[in-house]
Protein chains: 2
Amino acid sequence: MKTDLDSERDYSQQIAHTIRDAIVSGDLPVDGRLPSESDLATRFNVSRPTVREALKRLAAQNLIRTQRGATGGAFVNRLSFEQAQDHMVTTATLLLSMNTVDFETACEARFALERACVPLACARRTPAHLASLRAEIARHGTDGLSDEAFCASDVAFHRALVDAAGNPVLSWHLAGAVEAMQPLMNMITFTARSRGRIIALHDGLTRALEAGKPRPALAALDELAAYTLELGGEIRARRGARRSS
Amino acid sequence: MKTDLDSERDYSQQIAHTIRDAIVSGDLPVDGRLPSESDLATRFNVSRPTVREALKRLAAQNLIRTQRGATGGAFVNRLSFEQAQDHMVTTATLLLSMNTVDFETACEARFALERACVPLACARRTPAHLASLRAEIARHGTDGLSDEAFCASDVAFHRALVDAAGNPVLSWHLAGAVEAMQPLMNMITFTARSRGRIIALHDGLTRALEAGKPRPALAALDELAAYTLELGGEIRARRGARRSS
DNA sequence: CTTTGCCATATGTCAGACAATTAACATTTG
DNA sequence: CAAATGTTAATTGTCTGACATATGGCAAAG
């Protein structure tokens, strides 16, 4: 591991980068212990606070965990899909909210990705998957649900759909795409009629998955995509009208 | 913004979390300036090093940038797709390498996702997209290329394919999936014959995109997926043999 | 043998200081 | 007057040394 730093630039950043590379390259094994903060400070020829800043940077990326006490220290984390998903969802949400992505673009991406899951889900869905799909349908069919709760349940349905494909890598990648849409969806007001239609489409999709028939499942998903776009178009129209008034 | 901290737990983490929430919720606007480190230290009733650790955590997530000098400080970053992609690629790579994901699973996910791009790419590909696809084909058709260089060019081809769909959200999500495969692909030894076949399939795919015909494009992609799996199967067989010897 | 208390080690936090950078202001000079 | 130059204040980056806190291991007491 390189321990000589380029002056002129942020030490803690360079140190974090060096250690990160060592982790990514497998030089530091999972669950391996890093040298103590004082050791690192000596090696890199900086003070302990500087080392600590570097370690905090790595901790923020879930690359290491720290433990106090006699046998404590900083340990290389086994990055779990779960941890990484949280991070991904935050990032995806921020990207959508800060970059003024059209509803259309985000929606297109999301449904295109979900389409990719359908054939796999048809082949692999287990009774447990079908049960959680049905549970979410029942939940967002409940009377008197707020729009926000309806959205949350909708998102859960879509995540269940993705999970039904039985591929953890796929689930991880799509979690961001699906969850990040929630703030955008929350701007939609769902009438009883539109809720009914969505639920009917979810139901049709679930039946097709149960039957293991990709063709009608894709058709249902496409219809859902078209309808979501339509609803999204309405909110944009309303917003445009409000702005121009 | 809450400024009272739960004792018993890591201050810098709590502070980072508090500020992060303020950013995500839009409470702190993009390009807005955070209070100075001393200010934050006073508000949260902690010392400046502690505040700094919190800020470094946020900086590691690209949520803020810092600037020295009289009008300096910490500013809320407009998260760009580009910055977020780097991060995503690192995370995706680590996930694959640390969680002993089968080559098959990763491969399936990647090609399923790429399939989702094909119809869009057929409709939207520009001459520039086609040119970069062709450029990569030419590059990995070069004689005497190392396996690693061949892989890198292959990855670049696939990224170009994704970009041809003309949806930045999609590109962002798939960058991780595509790039993270590279270390796995690097374990494959490509013979002249297998390279030839891959190039032929890339060529066919590019022609189909140019013609705007999704059907043959998907067929080419599926064939590519099957062939990649086959090559991956070989390396697994070899590895198994070596382990049992 | 078990429990208790001490100790060494490591991270978490603090206080105060100095260095380096930068923009704005004041001053000098042509 | 205008331009170049020096000064100052604010802010981040870094260092030093210290104390607080958590935790495993070890030794002594019961």
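So you know, we letter chains A, B, ... as the sequences are listed, proteins then strands, and number each from 1.
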*For the student: nearest non-hydrogen atoms of A/Ala180 and A/Leu96, plus distance*: O-CD1, 3.6 Å

*Flag the pair A/Glu136 and A/Arg139 as a salt bridge only when some basic side-chain nitrogen lies within less than 4.0 angstrom of an acidic carboxylate oxygen.*
yes

_Polar side chain donor-acceptor pair, A/Ser171 to A/Asp163, under 3.5 angstrom_ = yes

*Round to the nearest Å and state the distance from B/Phe75 atom CZ to C/dA23 atom C1'.*
12 Å

*Side chains of B/His129 and B/Thr126: donor-acceptor distance under 3.5 Å anywhere?*
yes

*asked:* One character per nucleotide, please: for nucleotides 12-21 of chain D, 5' to 3', B when the base has a protein heavy atom closer than 4.0 Å, S when only the sugar-phosphate does, - otherwise.
replied: BBBBB-B--B

*Would a 4.5 Å heavy-atom cut-off, applied to side chains only, mark B/Leu133 and B/Phe157 as touching?*
yes

